There are 2 protein chains.
Amino acid sequence: MSDRDQVTIFDVAKTAGVSGSTVSRVVNGYEHIAPRTRAKVLAAMEELGYVADTRARSLAGGKTNVIGVLVDGMGSAFMTELLRGIDDAISSSGMDMMLCTTNSRVGKEVEYATKLANGMVDGLVVAIPSELSLYLSTLKDRSVPHVLIDIDNEDRDTSMVKVDNRSGARRMTEHLLGLGHRRISMITGNLDVESARERIVGFREAMADAGLVDTDELVVPGDFNRPSGYEAAVELLARPVPPTAIFASSDEMAFGVMRAAAERGMLVPEHLTVVGFDDVPESSWVQPALTTVRQPIQEIGRRAIGLLLDEIRSPGGGAVSLELKTSLVARASSGPPSDVGAMQRHTAPQS
Amino acid sequence: MSDRDQVTIFDVAKTAGVSGSTVSRVVNGYEHIAPRTRAKVLAAMEELGYVADTRARSLAGGKTNVIGVLVDGMGSAFMTELLRGIDDAISSSGMDMMLCTTNSRVGKEVEYATKLANGMVDGLVVAIPSELSLYLSTLKDRSVPHVLIDIDNEDRDTSMVKVDNRSGARRMTEHLLGLGHRRISMITGNLDVESARERIVGFREAMADAGLVDTDELVVPGDFNRPSGYEAAVELLARPVPPTAIFASSDEMAFGVMRAAAERGMLVPEHLTVVGFDDVPESSWVQPALTTVRQPIQEIGRRAIGLLLDEIRSPGGGAVSLELKTSLVARASSGPPSDVGAMQRHTAPQS
DNA sequence: CTGAAAGCGCTTACAG
DNA sequence: CTGAAAGCGCTTACAG
């Protein structure tokens, strides 16, 4: 019940024999303070176990020292890595993180963004495919520093960080082409997400360069998650003329593809080449190890926080966009296409 | 720069032609208000786009409507599931979540707990093996509602939720014994964690009941994570007389064991039985599907929030401990022990 | 059913 | 280098 045994700045002031303002100054590391005064205050703080009240501090115009992070869910390996990078950067800067999860509930993102903008945080990083138009203006009006991750934003005056999805997908497709594949299928990510769309573009470009323009039936929909990769593969492998290689837009989906292949008795890469995108930790762990497009996931998070911190510390610096590079990681799951005879035996065993 | 275009309760009051107190009352759903007055206020709020300032509200004695969650990291599948349950329960109660990650940094947990206790949240759930003694008293002094997950706490006056690790481990061991195994090895979890210790006890009890009392060399250390399971298995399988079954204290470690077995050319369960604990989603996905002890992970999170909400809404109800049941899920990774000849061929191929 | 006023714990010009 | 005072936006007795 006794909620009032909180030690305030005035308690400290009294036992140190100074004013509240002075205590506030030493707490905030203000420079021009007599060494003796500072020492007395510090001693009093220590003695009383003073801890600043974040709410009051921020209400009065100070900083909250917390950064808000808006994501849709934290289930995927990609998100786990991203959050690790974000959390790393936040805590090594001495700030705290407030993670808000929308779980794809419509409206939640706006609610959180507005709430957070209302003084709960010093800045905000948003990593969900979202209807930015609904709250980006609020963030700007309130001049809440913010940076977007992997989100498309027409007006280039918001800071953001992303990777070169298009050329990553392009290079992977060229890798498959170079191995001799022609019937290459791509399983897409959630098309609401900018990066999913960019990967398709990269894939199509490379295919077109190889003279393969009719790719429509080779591009099948997925949503970045494992089950969707599995289902798409089941359908693809059941086709009369199945692809010899499947390029999943995420490693997670590639694992689903591998599962579908295994169930059909197909060996990877002998009977089917399977590649992914992301390079999550599990990709080098699975058997066979997954060939994939590596994106520096943790780095993305760290950079986003870096940008945010810059803006928080010296506002008005203008928006900056970062595009990080991807790279091809060739491992065991990709190889030359199997001959048609072998494919037939495997793809239509029950016919 | 203009940080002051925030719509306050007084702006609303003015355009509605009432006092600030009245606005506050309708915002907080106070009952005795004239319908017409309420309507006017609501209209004004709508018109102005009013959003309550959480800091001010809480400073003035109201609720923050946010629940703090303290974990050490969110990398594991177990934690992902737990957080899903927690987040679910929090958001369906209309509150928000503030997730703090210590990443095993010493001191961080105390820092966070103190800060959160200082008015940032209405309540706190702690799910890290931690030196509670360092801050539990702070939580109590400030009467901040809190509940512990999976944490040992001597004085039974703190609410907590856990599962019956001991009998779960016992049943799994009996399952293996029933299959005919005698040389059963257990890879433990991080011994700082209560549940890891309880699982060992359950294992030992079942072994002792079967007359197997000399289990010391069969119990090897792990830390719940995949690599530690892999490493422990590498060591175990290289022994002159390796175990015929390995019971990993977490599914994650069991996956590591499977990997080690595969590298040695051993088939699961033909040559080696591998079982885990937790039943994370991946366990029914891997090949062969993992036999494991199921704990209702999301439910643990939901229950913890339930307890917390009860305490927040009607304080002083006293501490309550919940122990949820585990159950055995027999899948494909467990079977009868292989004969000694087969074991020898596989375990010492290079000797 | 409604308003005026004090107070939550802090920060920040303004003086000195 | 330090203090007194106002104010951040809200809630809550206290009156009426």
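A quick note: this is a predicted structure, and the numbers were derived from the prediction, not measured. Chain identifiers are assigned alphabetically (A, B, ...) following the order of the sequence lines, protein sequences preceding nucleic acid strands; residue numbering begins at 1 within each chain.
- In terms of heavy-atom proximity, A/Val7 sits nearest to A/Tyr50 at O-CD1, 3.4 Å.
- Rounded to whole Å, atom C1' of C/dG9 lies 14 Å from atom CE of A/Met45.
- One can place CZ of B/Arg38 at 13 Å from C1' of C/dT2, the figure rounded to the nearest angstrom.
- When each of B/Tyr30 and B/Leu59 is assigned the nucleotide of DNA chain C with its nearest heavy atom, B/Tyr30 is the one assigned upstream, toward the 5' end.
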Collect all protein-nucleotide pairs involving nucleotides 10-12 of chain C in which both atoms are nitrogen or oxygen and the distance is under 3.5 Å.
unit_1, atom_1, unit_2, atom_2, d
C/dC10, OP1, A/Tyr50, OH, 2.5
C/dC10, OP1, A/Asp53, N, 3.3
C/dC10, OP2, A/Ile9, N, 2.4
C/dT11, OP1, A/Asn28, OD1, 3.3
C/dT11, OP1, A/Asn28, ND2, 3.0
C/dT11, OP1, A/Arg57, NH1, 3.2
C/dT11, OP2, A/Ser24, OG, 2.6
C/dT11, OP2, A/Asn28, ND2, 3.3

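- Although no hydrogens or angles enter the test, the distance criterion places no donor-acceptor pair under 3.5 Å between the side chain of B/Asn65 and the main chain of B/Met95.
- Distance B/Met120 CE to C/dG9 P: 16 Å, rounded to the nearest Å.
- Within the 4.5 Å cutoff, the side chain of B/Ile300 has no heavy atoms near those of the B/Asp150 side chain.
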Q: Report the C-alpha separation of A/Gln298 and A/Asp88 in whole Å, then their side-chain angles, then the decisive distance to 0.1 Å, and conclude whether the side-chain hydrogen bond (donor to acceptor under 3.5 Å, both in side chains) test is met.
A: CA-CA 9 Å; A/Gln298 292 196 26; A/Asp88 246 39; over 6 Å; no

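- Closest non-hydrogen pair, B/Arg302 versus B/Gly85, comes out as CG-O, 3.4 Å.
- As a whole-Å value, the separation of B/His32 NE2 from C/dG3 C1' is 17 Å.
- Side-chain atoms of B/Thr102 and B/Asp72 include no donor-acceptor pair closer than 3.5 Å.
- Of all nucleotides present, only D/dG16 satisfies the Watson-Crick or G-U wobble test against C/dC1, with each distance under 3.5 Å.
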